[in-house]
Chemist: 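Here it is: the structure, laid out below.
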Amino acid sequence: MKIGVLAMQGAYREHLKILSSLGVDTIDVRYEEDIDDIDGLIIPGGESTTMGKLIKALGLFDKLKTRIEDNMPVWGTCAGMILLAKNIVNEDYNHLAVMDINVVRNAYGRQLGSFETKAPVKDIGEDIDMVFIRAPYIESVGKNVEVLSTVDGNIVAAQEENMLVTSFHPELTDDFRLHKYFINIVAKSINDINCIVAL
Ligand SMILES: NC(=O)CC[C@H](N)C(=O)O
């Protein structure tokens, strides 16, 4: 099993480090051909407009979209969530537009919207560490999307089949349960039960 982390910009090193510490083979995805080589992909936090431009300029956009639509597991954290959303409520554009969620960008305010909390995430834990940095949240979801977590009434984690999104940054905490949860999604998608990890 090999999991890629989109390494254009943003907090990709932290994800790579955690995956490696959990015994997973990783690859930093920078070129179109890197996408052929992976069983799952993390799109990290960072700056969604910059990342969106880079995946187009560097020629990754089409293959990324196709592989996700063909059920490759993908997990978008923060800016990664914005990249996956079909609709960004407060912008007039979208990016990969694969997941049926309506996302509010910079939903907590541009500069002061950074905070930490602990909250339950369905099937994962009751006290997940959550770091929010100029984060988006999900205003509403389509009928096939399962809400996994809300904080103050706003949706901050959700899943639609092979697609997982979180508003917050698990890679900036010592709590690796979301990473393990994603590893298990990838393990199941390639039918490799040996790769399943305990949360
Ligand atoms: N921490 C983050 O990924 C912030 C996301 C950023 N505010 C954006 O809109 O792209």
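This structure is a prediction, so every number in the text was calculated from the model and none was measured. Every number for a ligand or one of its atoms is a count from 1 in the order of the listing.
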Chemist: Say whether, by atom type as modelled, one donor and one acceptor occur between the side chain of Asp37 and the main chain of Asp34 under 3.5 angstrom.
Modeler: no
Chemist: Report yes if the distance between the aromatic ring centroids of Tyr137 and Phe132 is under 6.0 Å, otherwise no.
Modeler: no
Chemist: Note every protein N or O atom lying under 3.5 Å from an N or O atom of ligand 1, pairing the names and giving the distance.
Modeler:
residue  : atom   : partner : partner atom : Å
ligand 1 : 1 (N)  : Ile133  : O            : 2.9
ligand 1 : 1 (N)  : His169  : NE2          : 2.8
ligand 1 : 3 (O)  : Gly46   : N            : 2.9
ligand 1 : 3 (O)  : Gly46   : O            : 3.2
ligand 1 : 3 (O)  : Ala79   : N            : 3.0
ligand 1 : 7 (N)  : Asn106  : OD1          : 2.7
ligand 1 : 7 (N)  : Arg134  : O            : 2.9
ligand 1 : 9 (O)  : Ser48   : OG           : 3.4
ligand 1 : 9 (O)  : Arg105  : NE           : 2.5
ligand 1 : 9 (O)  : Arg105  : NH2          : 3.2
ligand 1 : 10 (O) : Ser48   : N            : 2.6
ligand 1 : 10 (O) : Ser48   : OG           : 2.7

Chemist: Salt-bridged, Glu47 to Arg105, with N to O below 4.0 Å?
Modeler: yes
Chemist: List the atom pairs, donor and acceptor, that lie under 3.5 Å between side-chain atoms in residues 141-156 and the rest of the protein, sequence neighbours left out.
Modeler:
residue : atom : partner : partner atom : Å
Glu146  : OE2  : Lys122  : NZ           : 2.8
Ser149  : OG   : Pro120  : O            : 2.8

Chemist: Output yes when Asp36 and Lys63 qualify as a salt bridge under the 4.0 Å nitrogen-oxygen rule, no when they do not.
Modeler: yes
Chemist: So, the side chain of Asp39 versus the backbone of Val186: is there a donor-acceptor pair under 3.5 Å, distance only?
Modeler: no
